[in-house]
Number of protein chains: 2
Amino acid sequence: MPKVCRACEARHGGICSVLTGSQLAELNKHSNRKSIDGGTELVGQGENIGTYSNIVRGVVKLSKMMADGRQQIVGLQFAPDFLGRPFSHESSLTAEAATNTEVCAFPRAVLERMIADTPELEHRLYDQSLKELDEARDWMLTLGRKTAREKVASFLHLIATHVDPDAGDGCEFELPLSRADIADFLGLTIETVSRQMTKLRKDKIILVENNRHVIVPDIENLNEAAGND
Amino acid sequence: MPKVCRACEARHGGICSVLTGSQLAELNKHSNRKSIDGGTELVGQGENIGTYSNIVRGVVKLSKMMADGRQQIVGLQFAPDFLGRPFSHESSLTAEAATNTEVCAFPRAVLERMIADTPELEHRLYDQSLKELDEARDWMLTLGRKTAREKVASFLHLIATHVDPDAGDGCEFELPLSRADIADFLGLTIETVSRQMTKLRKDKIILVENNRHVIVPDIENLNEAAGND
DNA sequence: CGAATTTTTGACTTCCATCAAGTGTAGTGG
DNA sequence: CCACTACACTTGATGGAAGTCAAAAATTCG
């Protein structure tokens, strides 16, 4: 097994976990680790897709933009997620690093060949896409039917559960997104996000330090504010 | 090949198109055709999933409901789509027939066994889930960032392109959803949907007869009203 | 036909967007 | 170290798009 893979997150929870040693070596021969600053675009909407990646560290936002500039974030991906849309050569969305990010990139052709003769790999990818579909549909409920307050609480709850999946009742984290990004994720404006954060703060549901650092004393209160039964 | 399969839509565009004759026969032995009236629930949110189905005729809506009754339709499925969430034994959403519908149902275990030793079948299912994911993300942009007018136009455009994929500039169809369902799909109220339909009618973008029958003289005008490019 | 349901229309309200200052919070260089 | 700028975020005042409540009109169905 290649030594870069040994401590790699994708080797554990990611798609590489289903590959054999020789497949890992083969993929590794063509793969390429990159560090990416927050704000950098990885793939543009409508662009040709030449490479797929695994997210090794950081958070990537997937977004769609309308002709007049209105924007919607349609998904967040965390390490060790696979990044790409197999079997489509043109991207229907933009992928941009939200935080400083590290990815492991490999050419499309190499992976697609490997998919073709490794059912377990395709199964693993299918599994991720089903997970993403569940998440997208959950978010559709949030976008379509929740109030601004519930939307902001839902976002904080999402981050809280992703950063620290097995926390007890309380938890604490850095927001990976700016207010502008949060607004684009929730279908709101920056101002509304800010106002609702302030209200949640006043209601003691969260504590905020330095704008980006959030403390949740009781995750169940946050879940309730998010409108989840 | 079983004779019910011969003229079946699922045998052509659906998942059955990748099965061999003997696999079709095997699946058919356990499968069960059903006619379902519009409005009937197929699977409930939180219910155990015992069967998967192919939609042979009609339209099925997938929806999520909050504890206080707020509802969001998160997807529409048309024949010959596959209906089900493989590898999860509990449904996170409700599936309900929108129109009178015909499905071909088979036990979960039979299909899962067949998936396990037929990579082509899993590939076909993966492909549908990628398509659904693309659609869900398109819809997130609609829900989060479009105006009521654009939402209603987007919905009409969606139905128009599904009912008659290769129409020229004009087309004509029956709406498979009531105003209440359209509202739940668009994250609006019934009244707002109705008002926007009236406005689109006054702007000559659509003609409506008997509430459900819609004529689109020029699909490009509708596409523009939907805010697409 | 008449009852029930769905859809439309109207009057009014509310929530969130918009516009506009104001308040931090880095980062730079004198 | 302190101006100075640049940027991100917050707060306030106002307006408008969509929601709510209520009733009328159209359509479906027994």
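In the text below, chain A, chain B and the rest are named by the order of the sequence lines, each starting its count at 1.
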Would you check, one step at a time, whether the test salt bridge (charged side-chain N to carboxylate O under 4.0 Å, His left out) holds for B:Asp184 with B:Lys61?
CA-CA 10 Å; B:Asp184 279 343; B:Lys61 49 189 216 220; over 6 Å; no
Distance, rounded to the nearest Å, where B:Ile190 contributes CD1 and D:dA25 contributes C1'
16 Å
Thinking salt bridges, do B:Glu9 and B:Arg57 make one under a 4.0 Å N-O criterion?
no
Relative to the 5' end of DNA chain D, which residue comes earlier, A:Arg145 or A:Thr192, by the nucleotide with the nearest heavy atom?
A:Thr192
Salt bridge present between A:Glu132 and B:Arg137 (N-O < 4.0 angstrom):
yes
Round to a whole Å and report the spacing from CG of A:Leu143 to P of D:dA18.
16 Å
Among the nucleotides C:dT9, D:dT28, D:dT11, whichever has the atom closest to the side chain of B:Thr198 is C:dT9
Checking C:dT8, D:dT27, C:dA17 against the side chain of B:Ser194 (C-beta onward), the nearest is C:dT8
Heavy atoms only, 4.0 Å cut-off, all strands: where does A:Arg212 land among base, sugar-phosphate and nothing?
sugar-phosphate
In whole angstrom, what separates A:Arg70's CZ from D:dA17's P?
13 Å
Distance check needed: D:dC9 P versus A:Asn210 CG, whole Å only.
12 Å
Interatomic distance, A:Arg179 CZ vs C:dA17 P [rounded to whole Å]:
16 Å
Rounded off to whole Å, could you give me the NE2-to-C1' distance for the B:His213 and D:dT27 pair?
16 Å
For A:Asp184 and C:dC16, what is the distance between atoms CG and C1' respectively, to the nearest whole Å?
16 Å
Is it the case that the base of C:dT18 and the side chain of A:Arg195 share a donor-acceptor contact (distance under 3.5 Å, atom types as modelled)?
yes
B:Glu47, CD atom: more than 12 neighbouring heavy atoms under 6.0 Å
yes
Please compare A:Asn211 and A:Gln196 by the position of their nearest nucleotide in DNA chain C and report the one closer to 5'.
A:Gln196
For B:Lys131, does the NZ atom sit with more than 12 other heavy atoms under 6.0 Å from it, leaving out its own atoms?
yes
Rounded to whole Å, how long is the line connecting atom NZ of B:Lys199 with atom P of C:dG10?
12 Å
